[in-house]
Amino acid sequence: MQYLTGSIEIITKINELTSAKILWVDTEIADWYTEKPRLSIIQVLTKANDAASQSVYIFDVLDKHDLISYFINQIMINPQIEKVCHNASFDLKYLGSIDAQNITCTLKKARRISKEVLQVSNLQLKTLATELCNFSDVDKEEQGSDWGRRPLTQKQLKYAAMDTVYLAAVHQRLLAFSKANVLTPVIEVAPSSTQPVEKPKSLTPNKLRLAFECPRLLYLNHHFGGSTLFLQTEDVIDISQFHNLVDELINLLLNKPDFIELFRPSASELVVEQIAHNIQQLYYNRIFYAYLQKATSKDSKLAQPLLKVWEGLKKLIISFAELLIINRNYCDAENVISETFIVEDRKLEHYFNLPDNSQLRVLGRYDYLVFNFDLNRLCLIEFKAYQPVDLSAQLAQVAVYSYMLSQNKKAPVDSVVYCILPFKEYYYSWEQLEHIAHELIPRKLEQMQQWLTWRAPLPNPPPATIQPHLCQICPQQQKCQSYFGGSS
DNA sequence: ATTTGTCGTTAGAGCGTGTA
DNA sequence: TACACGCTCTAACGACAAAT
């Protein structure tokens, strides 16, 4: 160890060090607890594996600002020299801060590897020296000692020198660790060729349904908003909470222990009407009655139409009861409900291959999923408050849902649509849905892209496909005629 | 276009750890 | 003591699907 105090010898040594490739650097600070901390000494190790601390140079730079600046300019800023520090951000406060180049922080390295992997109790330099590098007799006392006093004691100088020795040893060990844990190389993502024509980046099953019902309405809705539901005015009651009503029905089935007792007898002993009646009763008392009260208190005219909704829900419950009894053949009473109603993430995503060889993302969320043990098949449920205006559009919508889910599940998925006002059940088997999803949907999606990007007065406006008598109740009939003109 | 509910991302507050 | 950094947790924000 060389302890250098004279300006000339320090500058000479700094000049020597500029040819080094790597240096292990540490500092000691006097008055660190005060407003005006002073850099006391800079320790530099030039050779790793120097347990005898032969190649440590200690520069005494207390209050010698020109020497400190010289060190910073010659060593710290020089990008050719790698400087290794423990908790480098601390030393850099006195040695060039943001100007310093090519700094390696062993604390950062150690943190990245983690305490657990290193199997050490903490990441202090002294701990790493003892627990990672097996140094014994590591001195801790002098760290907080008075580095402003001169002359420095032999003990202080020994401590200061050993710090860099530990630093180099720890550094070597950490390098070995990070080499051993080479992370999987970063996967180069192929740059996606951006299409010159601006096309919708993704579509939804709901939009697809609309595209089948009326492309013009799809277009108007996309650009100008407005309602898309074809409804006779006398049908319309506010059942925006309709999905909530169904949600609560299924939650009730899943969470109410009473229903387990209901399914205690064997399947052959169970009677659909009886089961359904029980569910209806409980649901009416728990959920629907309160909803009815609340709605009619706001508007007493709602009572009559809401009773129609109830009639629909009752029939829905019968359907559920039938399915549950079928499945009771295969499940015990405790599990039949949870095995029938499958609760999981309802989001769906799929990239459809279009006829023009491009791909289009379709995103959607289905309503519910059940399993029928007799058919050994999943079945996706879609709820509609009102009768569909166009059955083929409805079919297309559930075909997309079924198809996307079947891709996830790697299994066929049937679909059923329940309409509540008035109650009607539409069952579609996977065999017909798959055909539609394969043959019809990709072409429709391609058309939709064209329709949605169409700008008046370019040719090929979206056709009006809806039947004329239904167009009379189109929610945007007026706008459609004024925008597209002619027949609707 | 606007709204509504859900869900995932992100900024930042707070805490712990490191330095003399 | 003071400051920097990173981790975690949360609140705010925005994206999204579906409905109006």
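Residue numbers start from 1 in every chain, and the chains themselves are labelled A, B, ... in the order their sequence lines are given, proteins ahead of strands.
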Subject >> R38(A) CZ to dA2(C) P, straight-line distance once rounded to whole Å >> reply: 18 Å

Subject >> Charged N-O contact under 4.0 Å between K315(A) and E425(A) >> reply: no

Subject >> 5' precedence on DNA chain B between D163(A) and R111(A) (nearest-nucleotide basis) >> reply: R111(A)

**OP:** Scan D31(A) against the nucleic acid and name what it touches under 4.0 Å (heavy atoms): base, sugar-phosphate only, or nothing.
**Re:** nothing

Original post:
Taking atom C1' of dG18(B) as reference, at what distance in whole Å does atom CG of L118(A) sit?
Top reply: 15 Å

Original post:
Out of dA18(C), dT19(B), dG18(B), which nucleotide sits closest to the side chain of L125(A)?
Top reply: dT19(B)

Original post:
What's the closest nucleotide to the N87(A) side chain, out of dT20(C), dG18(B), dC16(C)?
Top reply: dG18(B)

Original post:
Could you state the CZ-C1' distance from F230(A) to dT20(C), rounded to the nearest angstrom?
Top reply: 15 Å

Original post:
Which pairs with one or both residues in residues 106-115 of chain A pass salt bridge (Lys or Arg N to Asp or Glu O under 4.0 Å), sequence neighbours excluded?
Top reply: none

**OP:** Kindly say if H243(A) contacts the phosphate of dA18(C), meaning a side-chain N or O under 4.0 Å from OP1 or OP2.
**Re:** no

**OP:** Could you check which of dC3(C), dA18(C), dA17(C) has an atom nearest any side-chain atom of L363(A)?
**Re:** dA17(C)

**OP:** Run the ring-centre check on Y401(A) versus Y366(A) and record whether the distance is less than 6.0 Å.
**Re:** no

**OP:** Starting at atom CZ of R112(A), determine the distance to atom P of dT17(B), rounded to an integer number of angstrom.
**Re:** 20 Å

Original post:
Under 4.0 Å between a side-chain N/O of Y386(A) and OP1 or OP2 of dT20(C), yes or no?
Top reply: no

Subject >> Aromatic Y166(A) / basic K126(A) pairing, under 6.0 angstrom, 45° off normal >> reply: no

Original post:
Could you give the CG-to-C1' distance, from L217(A) to dT20(C), as a whole number of Å?
Top reply: 12 Å

Original post:
Between dG8(B) and K347(A), is there an OP1 or OP2 to side-chain N/O distance shorter than 4.0 Å?
Top reply: yes

Subject >> Worked verdict on H171(A) versus T106(A) for side-chain hydrogen bond (donor to acceptor under 3.5 Å, both in side chains) >> reply: CA-CA 6 Å; H171(A) 182 220; T106(A) 47; over 6 Å; no

Subject >> F352(A) and Y403(A) aromatic centres sub-6.0 Å >> reply: yes

Original post:
Where the side chain of K83(A) meets the backbone of I81(A), is there a donor-acceptor pair that is under 3.5 Å apart?
Top reply: yes

Original post:
Quick one: is T204(A) getting a side-chain N or O under 4.0 Å of the dA18(C) phosphate, OP1 or OP2?
Top reply: yes

**OP:** To the nearest Å, give me how far apart NE2 (H86(A)) and C1' (dA4(C)) are.
**Re:** 13 Å

Original post:
Are D367(A) and R346(A) within salt-bridge range, i.e. N to O under 4.0 Å?
Top reply: no

**OP:** Mind checking F383(A) for me? I need base, sugar-phosphate or nothing, with any heavy atom below 4.0 Å counting as a touch.
**Re:** nothing

Original post:
Rounded to the Å, how far apart are E382(A) CD and dA18(C) P?
Top reply: 8 Å

Original post:
Can you check the H222(A) NE2 to dA18(C) C1' distance for me, whole Å?
Top reply: 15 Å

**OP:** Tell me what K207(A) touches on the nucleic acid: a base, only sugar-phosphate, or nothing, going by heavy atoms under 4.0 Å.
**Re:** nothing

**OP:** Identify which nucleotide among dA18(C), dC3(C), dT1(C) has an atom closest to any side-chain atom of W32(A), counting heavy atoms from C-beta outward.
**Re:** dT1(C)

**OP:** For D146(A), answer base if it contacts any base atom (sugar-phosphate contacts may also be present), sugar-phosphate if it contacts only those atoms, and nothing otherwise; contact means non-hydrogen atoms under 4.0 Å.
**Re:** nothing

**OP:** For E213(A), enumerate each residue passing the salt bridge (Lys or Arg N to Asp or Glu O under 4.0 Å) test, keeping only those at least two apart in sequence or located in another chain.
**Re:** R209(A)

**OP:** Taking only the side-chain heavy atoms of Y401(A) (C-beta and beyond), determine which of dA18(C), dT19(B), dG6(C) contains the nearest atom.
**Re:** dA18(C)

Original post:
Below 4.0 angstrom from OP1 or OP2 of dA19(C), is there any side-chain N or O of N206(A)?
Top reply: yes

Original post:
Hey, does L92(A) reach any base, or is it just sugar-phosphate, or nothing, if we go heavy atoms under 4.0 Å?
Top reply: nothing

Subject >> Neighbours of DNA chain B within residues 22-30 of chain A, by heavy-atom distance under 4.0 Å >> reply: D26(A), T27(A), E28(A), I29(A)

